[in-house]
Amino acid sequence: MTDVDVRGWLVERMTMRRRVALVATGVMLAAGLVTTPVRAADANLVVNGGFEDGLAGWFSNTAGSATLSPTTDAFTGSGAVLVTNRTNTSSGPMQDLSGKVQAGKIYTVSARVKYENPASPATKNFVVTMHYGGSSYTNLGSVTVPRGQWGLIRGTFAVPMAQNVTTARIFVETQWTATPTPPEAHLMDFTVDDVALEEYTRSRTFEVLGKLPGEGNPIISHKFGADANAFVHGGRVYLYMTNDTQVYYPGPDGISPTNTYGGINTITVISSNDLVNWVDHGEIPVAGPDGIARYANQSWAPAMARKVIDGKEKFFLYFANNGGSTGVIVGDSPLGPWRDERGSLLITSATPGASNGRNWLFDPGVLIDNDGQSYLYFGGGGDDRSGSYENTNHPKSTRVIRLGDDMISTVGSAEVIDAPLTFEASHVFKRRGKYYYSYSTNFGFSGPVDPNGPPTGAIAYLMADDPMGPWTPDKYAGVIFRNPGVYFGVGGNNHQSVFKFKGEYYFTYHAQTLNTRATGGTGQGFRSPHIAKLAFNEDGTIQEVIGSYAGVDKVRDVNPYRVIEAETVAWQQGIATKKTTGASEEFGARAPNLVVHDVDNGDWTSLASVDFRRGAGGVTAKVLPLVQGGQIQLRLDDRAAPVVATIPVDAPVGEWTSVTAALGGVTGVHDVYFTYTGPDGADLFEVDSWSFTRS
């Protein structure tokens with residue numbers, strides 16, 4: 001059977017397969033065999049919208065109707081534009097968008113405006129307008145601005161299907177009037193900054209309650225994450241995950257097209273030091289034209305390792321480049337910064353012993369043994385479409401190979417792993433001198449399944465005395481975890497990792513729990529990380545894990561008397577996170593800095609098991625107000641409990657600042673809920689961090 005035959009069969013078997021892209025995603029897309037959602041552009045179509053390059057790209061609407069001058073009186077950055085000497089209300093800064101906007105598409109527009117003339121009205125209406133040519137004008141968004149304050153124009157609009165856009169131009173003006181008298185009421189000078197026009201992308205924020213208070217699973221509920229690989233370092237557990245959220249495109253009904261995995265080229269990272277409160281560290285741009293490893297197309301199913309080389313601590317993130325290869329990038333810490341030291345893919349069909357012409361070369365698992373020798377486990381697939389008993393139960397499609405001392409090269413030839421019913425998701429750990437190789441079983445291919453072997457779509461494992469095995473069928477030891485559909489009603493692929501933390505062993509897996517809660521019961525292939533305790537029998541075999549929403553118990557309480565990143569969350573509803581500039585206050589300059597955003601009236605976040613000890617006297621939040629009138633309320637042990645403190649977010653709009661409230665001597669251990677209130681229909685503020693003071 002040819003590779004093309006394999007790919008065609010894979011498309012037909014989407015229900016049993018995790019990644020329709022697989023071995024040659026690019027070839028399939030080019031041939032039109034797979035339809036993937038088109039990602040809306042997230043680049044600003046306006047050139048120099050922040051005026052950091054002076055007036056490049058800008059001119060006045062109607063030549064000579066106004067004077068444009070660069071100014072440092074900016075809302076953000078160091079540049080803005082000052083509009084003076086206006087002759088009519090439409091006089092303002094304009095930019096040509098010809099060839100950029102398209103008929104039939106939806107866009108969002110925003111701009112900051114301010115005026116200060118004391119002779120002008122106390123408030124004034126400003127508008128962003130599109131001029132399509134001739135007498136065709138459309139107001140895209142407007143705002144009423146108080147004199148002396150920055151206002152935010154914001155709007156969403158559709159370009160009509162029949163609209164001619166060959167001469168489209170956008171400009172900022174005061175509300176149109178044919179007779180602008182007196183001039184100070186209509187033709188005042190004004191300043192413009194941060195003009196943005198983007199193709200509309202529907203919100204990926206989950207408004208549903210995806211994780212009930214008290215539940216431990218899914219681990220996070222504001223985004224997806226699959227194939228979680230756990231890595232313990234410095235008293236924290238880091239989870240590196242396939243970023244399913246990257247291809248999540250919910251429509252007006254909140255339902256997204258099915259996850260095809262082909263567009264995923266970033267890795268999501270979260271961490272915790274208590275296994276209940278998890279910090280969102282954002283995404284690592286691994287592959288693609290803007291990635292660290294630009295020669296790779298995708299990044300799935302990561303694996304993480306640490307080693308000291310020439311006296312320097314290094315961190316190695318291995319990733320699957322669809323089904324055809326495996327790559328590696330290198331970091332200076334578990335959170336980066338990351339770089340490409342190898343310059344090419346690590347595992348390809350040219351790697352000795354890696355490929356038999358039909359097996360996949362993905363899903364890396366890494367082990368560094370006590371003697372310092374490192375091993376990489378990888379592979380999967382292997383269906384030859386013969387329908388034979390042997391090929392179904394012994395496809396021999398996964399491999400193990402030694403890594404070089406540098407961790408980014410291989411040594412010798414890969415050796416075959418003959419795990420019963422193997423399919424993908426290789427992972428290895430060591431305990432008490434024994435090596436455990438776990439993997440996901442296939443769904444039967446098209447042949448009979450051995451009733452004495454593992455069930456289909458499950459996590460099974462082998463035990464051996466050496467990291468190289470030999471990994472043969474006689475080493476089969478049992479099942480760790482059955483398919484997620486057994487426990488959560490929606491099945492799919494399976495992927496796992498095992499880690500030891502604070503003397504105990506834990507097991508990670510994924511399931512479509514958040515996906516089904518967001519859709520009312522429909523799974524579309526978007527997966528979320530889960531965690532469970534792992535127990536062993538006296539003979540070293542593993543006790544089967546039962547999937548549940550319960551999760552695991554905390555291993556410590558939260559110390560509130562320090563800086564806590566606001567994106568540290570136990571449970572939440574309605575918020576999202578995003579990267580911002582500057583260093584992380586909690587994790588330092590090398591770590592990415594994230595904030596909680598898309599905060600609306602009624603949204604909330606929480607921290608579990610906060611130990612106030614003898615008493616807290618105050619709470620401080622670092623916030624970026626987006627409107628006036630926002631508040632942060634603190635409640636204990638329930639999101640509907642009485643308010644114990646209210647932080648007024650009364651700082652200037654658009655400026656990061658710290659706001660504080662007294663907290664009347666709260667003592668002991670409590671779950672803390674931050675509930676957010678303010679004007680309906682507006683993003684209230686962004687939150688960077690929390691801190692408490694002792695009473």
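As the structure is a computational prediction, the values presented were derived from the model and not from experiment. Each residue takes its place number in the sequence, starting with 1.
- With 3.5 Å as the limit, one finds no donor-acceptor pair spanning the side chains of Glu184 and Asn117.
- Using a 4.5 Å heavy-atom threshold, the side chains of Ile220 and Val569 count as separate.
- Judged by distance alone, the side chains of Glu565 and Ser584 do bring a donor and an acceptor atom under 3.5 Å apart.
- For the pair Asp194 and Arg112, the salt-bridge criterion is not met [side-chain N within less than 4.0 Å of a carboxylate O].
- Heavy-atom minimum distance, Arg86 versus Ala66: CG-CB, 4.1 Å.
- Considering only heavy atoms from C-beta on, Asp598 stays 4.5 Å or farther from Ile575 through its side chain.
- Under the 3.5 Å distance criterion, with hydrogens and angles disregarded, no donor-acceptor pair is assigned to the side chains of Thr72 and Ser78.
- For Lys100, there are no salt bridge (charged side-chain N to carboxylate O under 4.0 Å, His left out) partners two or more places apart in sequence or in a different chain.
- Taking CE of Met188 as the start and CZ of Phe190 as the end, the distance is 9.5 Å to the nearest 0.5 Å.
- The closest side-chain donor-acceptor pair between Thr577 and Glu567, if any, does not fall under 3.5 angstrom.
- In this structure Arg517 satisfies the salt bridge (charged side-chain N to carboxylate O under 4.0 Å, His left out) test together with Glu215, sequence neighbours excluded.
- Phe674 and Phe692 have tilted rings, their planes meeting at an angle from 30° to 60° on a 0 to 90° scale.
- Between the side chains of Gln572 and Ser221, at least one donor N or O lies within less than 3.5 Å of an accepting N or O.
- In this pair, Trp571 and Tyr673 present their aromatic rings parallel. The plane angle is below 30°, not in the 30 to 60° band.
- Note that CG of Asn88 is 11.5 Å distant from OG1 of Thr179, once rounded to the nearest 0.5 Å.
- Interatomic distance, OG1 of Thr268 versus NZ of Lys223, reported as 5.0 Å (0.5 Å rounding).
- Residues His131 and Asn61 bring no donor and acceptor atom of their side chains to less than 3.5 Å of each other.
- Side-chain contact of Ser98 with Asp96: a donor-acceptor pair under 3.5 Å is present, judged by distance alone.
- Using a 4.5 Å cut-off on side-chain heavy atoms (C-beta onward), Val165 and Val159 make contact.
- Sorted by first and then second residue, the side-chain hydrogen bond (donor to acceptor under 3.5 Å, both in side chains) pairs with a member in residues 624-634 read Gln633-Arg635, Gln633-Thr675; sequence neighbours excluded.
- Under the 30°/60° scheme for interplanar angles, the aromatic rings of Phe612 and His670 are found to be tilted.
- Side-chain contact check for Thr266 and Asn243: at least one donor-acceptor pair (N or O, by modelled atom type) lies under 3.5 Å.
- Ion pairing between a basic and an acidic side chain is recognised when a charged N comes within 4.0 Å of a carboxylate O; Lys579 and Glu283 show no such pairing.
- When ring centroids are compared, Phe75 and Phe51 stay outside the 6.0 Å threshold.
- With no hydrogens or angles considered, a side-chain donor-acceptor pair links Thr129 and Asn139 at under 3.5 Å.
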